[in-house]
Amino acid sequence: HRKYTKYGDRTNASVALEHTMNIERISLSAGVLMNHNTIENGKYKFFPSVSMSYRPADKINIYTSWSNSTRMPTFTDLGYTTETHEGNDGLKPEKSQAVDLGVKYNNTYLSVYATGFLMWGRNIIDWVKVTVDGKPKSASWNHTKLNTQGVEMGVKLKLTEFLPILGENAYVALDYARMHQDVNTGNYTSEFALQYLRDKFTTQFNHQIYRGLSASWYLRFQKRMGT
């Protein structure tokens, strides 16, 4: 049996409040999360969020949102120390803000959407490559900042009316997402935080073969970025 030399515990408690209001074609929602975690020395933290959607027409929806969030370091981040890894018990909680803006269009046969998003991260936890006593190690670290920008878009076309031979639920869908990150890593090489999916394209084709038997075809292209 392995012998453990470290022990840790913490208590996390949260209370959330949210209110939604509808005014004709506008929907507004606002909320706040109150969080208490013993790792923060008994401090109470508040994380607000707001969202809004507007329907200029029955088939069009424009939406936006803003949120504030946090992530506590795990016990692995804090204390996992071996010949190849170096934990850091001085890690700070991650903090981030995110905002998005998008539009959707839906009718009987066609669905289209496009969304842009931004995220500003501070004290982002990562494992980076360092040298300790002349030996390479992976060490947990707080990046000063990690900013993310991206877009998502897609279209879904129902094929039933055009090609009834394909069945009632036949459709073809195309989706694409692109993301970019920039971070202040100093002279360190990131092992996780900057290993992100820059491009992702997917297509799906669903059709009926015979009565209760159908088939789905998928194609996916991905390009991953890393340091």
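Values below: all heavy atoms of this structure, side chains included; hydrogens, waters and symmetry mates excluded.
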side-chain contact (heavy atoms from CB on, under 4.5 Å) evaluation trace for Gln149 with Met179: CA-CA 6 Å; Gln149 311 91 38; Met179 187 170 67; over 6 Å; no

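Cluster annotation: Val99 and Ile62 are assigned to distinct hydrophobic clusters (Ile/Leu/Val/Met/Phe/Trp/Tyr, side-chain heavy-atom contacts under 4.5 Å, transitive). Cluster membership check: Ile124 does not share its hydrophobic cluster with Trp120, using side-chain heavy-atom separations under 4.5 Å among Ile, Leu, Val, Met, Phe, Trp and Tyr. Residues Val151 and Leu197 fall into different hydrophobic clusters, defined by Ile, Leu, Val, Met, Phe, Trp and Tyr side chains chained together at heavy-atom separations under 4.5 Å. Residues Ile209 and Ile165 are members of separate hydrophobic clusters, defined by side-chain heavy-atom contacts under 4.5 angstrom among Ile, Leu, Val, Met, Phe, Trp and Tyr. Both Phe162 and Trp217 sit in one connected hydrophobic cluster of ILVMFWY residues. Membership requires side-chain heavy atoms under 4.5 Å apart, directly or through other members.
Thr70 places a side-chain N or O within 3.5 Å of a backbone atom of Glu94 that can act as its donor or acceptor partner. For Asn37 (side chain) and Ile39 (main-chain N/O), a donor-acceptor pair under 3.5 Å exists by modelled atom type. In terms of modelled atom types and a separation under 3.5 Å, the side chain of Glu152 and the main chain of Thr115 share no donor-acceptor contact. Using a distance-only test at 3.5 Å, with no hydrogens or angles considered, no donor-acceptor pair links the side chain of Ser49 to the main chain of Val32. Using modelled atom types, no side-chain atom of Asn142 and backbone atom of Leu91 make a donor-acceptor pair closer than 3.5 Å. Listed for the Ser138 side chain is no donor-acceptor partner under 3.5 Å among the backbone atoms of Trp127. Within the 3.5 Å criterion, the main-chain N or O of Arg10 finds no donor-acceptor partner in the side chain of Thr38.
When all heavy atoms are compared, the tightest approach of Asn88 to Gly90 is OD1-N, 2.9 Å. Counting all heavy atoms, side chain and backbone alike, Asn35 lies closest to Ser14 at ND2-OG, 2.8 Å. Residues Ser111 and Asn106 come closest through the heavy atom pair OG-OD1, 2.7 Å. Taking each heavy atom of Phe205 and His207 in turn, the nearest pair found is CE2-CD2, 3.4 Å. Heavy-atom minimum distance, Asn123 versus Pro93: CB-O, 3.6 Å. Heavy-atom minimum distance, Gly167 versus Thr160: O-OG1, 3.3 Å.
Atom CZ of residue Phe221 and atom CG of residue Asp199 lie 6.5 Å apart, to the nearest 0.5 angstrom. In this structure, the separation between CG on Asp126 and CH2 on Trp141 is 11.0 Å, given to the nearest 0.5 Å. Atom CG of Leu118 and atom OG1 of Thr148 lie 9.0 Å apart (nearest 0.5 Å). To the nearest 0.5 Å, atom NE2 of residue His143 and atom CD1 of residue Ile125 are 10.5 Å apart. The CE atom of Met153 lies 10.5 Å from the CZ atom of Arg178; values are rounded to the nearest 0.5 Å. One distance of note links OG of Ser140 with CG of Leu78; it measures 7.0 Å at 0.5 Å rounding.
Counting heavy-atom neighbours within 6.0 Å of Tyr210 OH, excluding the residue itself, gives a total of 12 or less. Counting non-hydrogen atoms of other residues, nucleotides and ligands closer than 6.0 Å to NZ of Lys95 gives a total above 12. For Asp89, the CG atom sits in a loose shell: 12 or fewer heavy atoms of surrounding residues, nucleotides or ligands are nearer than 6.0 Å. The local environment of NZ in Lys104 is sparse, with at most 12 non-hydrogen atoms from other residues, nucleotides or ligands closer than 6.0 Å. Enclosure of atom OH in Tyr44 is not indicated, since only 12 or fewer non-hydrogen atoms of other residues, nucleotides or ligands lie within 6.0 angstrom.
Annotation: side chain to side chain donor-acceptor pair (under 3.5 Å) contacts involving residues 163-172, sequence neighbours excluded, comprise Tyr171-Gln204.
Side-chain contact between Thr20 and Ser27: present, with at least one pair of heavy atoms (C-beta onward) separated by less than 4.5 Å. At least one side-chain heavy atom of Gln181 sits under 4.5 Å from a side-chain heavy atom of Leu146. No side-chain heavy atom of Met34 sits under 4.5 Å from any side-chain heavy atom of Lys45. Between Pro136 and Lys129, the closest side-chain pair of non-hydrogen atoms is not below 4.5 Å. Looking at heavy atoms from C-beta onward, Thr76 lies out of side-chain contact with His85 at the 4.5 angstrom threshold. Contact of the Asp58 side chain with the Arg25 side chain is registered, since non-hydrogen atoms from C-beta on lie closer than 4.5 Å.
Classification of the Tyr176-Phe201 ring pair by plane angle, with boundaries at 30° and 60°, yields tilted.
One side chain, Tyr113 or Asp175, offers a donor N or O that lies under 3.5 Å from an acceptor on the other.
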